[in-house]
Amino acid sequence: MPREIQIANAAGFCFGVKKAIQKAETMDRAFIFGSLIHNPQEVARLASLNKKIVHKLEEVEDNKVVITAHGLDINVISQMKERNLEIVDTTCPLVTKIYNEGHKLEAQGLQMVIIGDPKHVEVKGIASRMKNPVIVYHEEDIPNVPEGSRIGVVCQSTLLMEKFDKFVTLLKARCAEVVPVNTICKPTKDRQSAAAALSRTVDIMVVIGGRNSSNTHKLADTCKMNLPEATYHIETAQELDPKWFEGKNKVGITAGASTPDYLIEEVIAKIRSYDSLVPA
Ligand code: SF4
């Protein structure tokens, strides 16, 4: 009997990433500032189409530069303008929404707190637009928020939903006033909810996506809550191990927002090839 393979109801490319890739693909050649998406295989495919990833402005050998779906530090954008570079901005509208929410909170006189990875380009972009933000990523960062302060809270678009709620509770215990705006984007919420639901009904979960992809890591974390011993995060089908599937008849699959469909299809095909290993 073949294994049952189910794909989460929401998985793979989100509209923001899809739009950014389509835009870059329309250009004859493109210099993309930072990872357009956090998926090494898709980045390599784009490189083969003359879309070069650069990390310094000196590396841009054209008068055009592409800003990625995650947005960019506003100071770097100013430097691009000083160099008279034409900016092709593929910042996701849901990232721009976070900037706007932050500005609205600051207009209320609140100190901004951003929950997210301070090394991530999206968080750097949000922080660069706020007056004097405090970034909290680990619980140990909470004491950096001034005690008794009035704060507005936003978060990285791909944050784990449980983490946002937990951190807001911790901040409420410390601050005089907390105005939280949950800025986790809908595609991320949909992917997390679908992964959680599927991981409750299967024997094994395979999570496909870049190791540098924040939202893929969070999907894996979500699945591990239900299947701590049987959740595997892989980038490509080559990493699959047939031993993982021994005695497992129901396989769940999910994929991060930067994972192209062809990688998902390759994984499914490889798992199908293990069907003969199902005990009779
Ligand atoms: S993960 Fe969300 S915020 Fe990021 S590009 Fe996709 S839709 Fe936009």
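Please read all numbers here as calculations on a predicted model, not as lab measurements. In listed order, ligands and their atoms are each counted from 1.
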Of all the atoms in ligand 1, which lie at a distance below 4.0 Å from a heavy atom belonging to C185?
-> 1 (S), 2 (Fe), 3 (S), 7 (S)

Give me the one residue out of L240, D241, V251 that meets side-chain contact (heavy atoms from CB on, under 4.5 Å) with Y274.
-> L240

Is there a donor-acceptor pair under 3.5 Å between the side chain of R174 and the backbone N or O of P143?
-> yes

So the atoms of ligand 1 within less than 4.0 Å of a heavy atom of P187 turn out to be 7 (S)

Proximal ligand 1 atoms for S157, defined as those under 4.0 Å from one of its heavy atoms | 3 (S), 4 (Fe)

Crowding at CG, N144 (>12 non-hydrogen neighbours, <6.0 Å) | yes

Do S157 and E122 meet the criterion of a side-chain donor-acceptor pair at a distance under 3.5 Å?
-> yes

Would C14 count as a contact for atom 2 (Fe) of ligand 1, in the sense that one of its N, O or S atoms lies under 2.8 Å from it?
-> no

Ligand-side contact atoms (ligand 1) for residue partner C92, heavy atom cut-off under 4.0 Å | 3 (S), 5 (S), 7 (S), 8 (Fe)

Nearest 0.5 Å, what's the CG-NZ distance between L171 and K166?
-> 12.0 Å

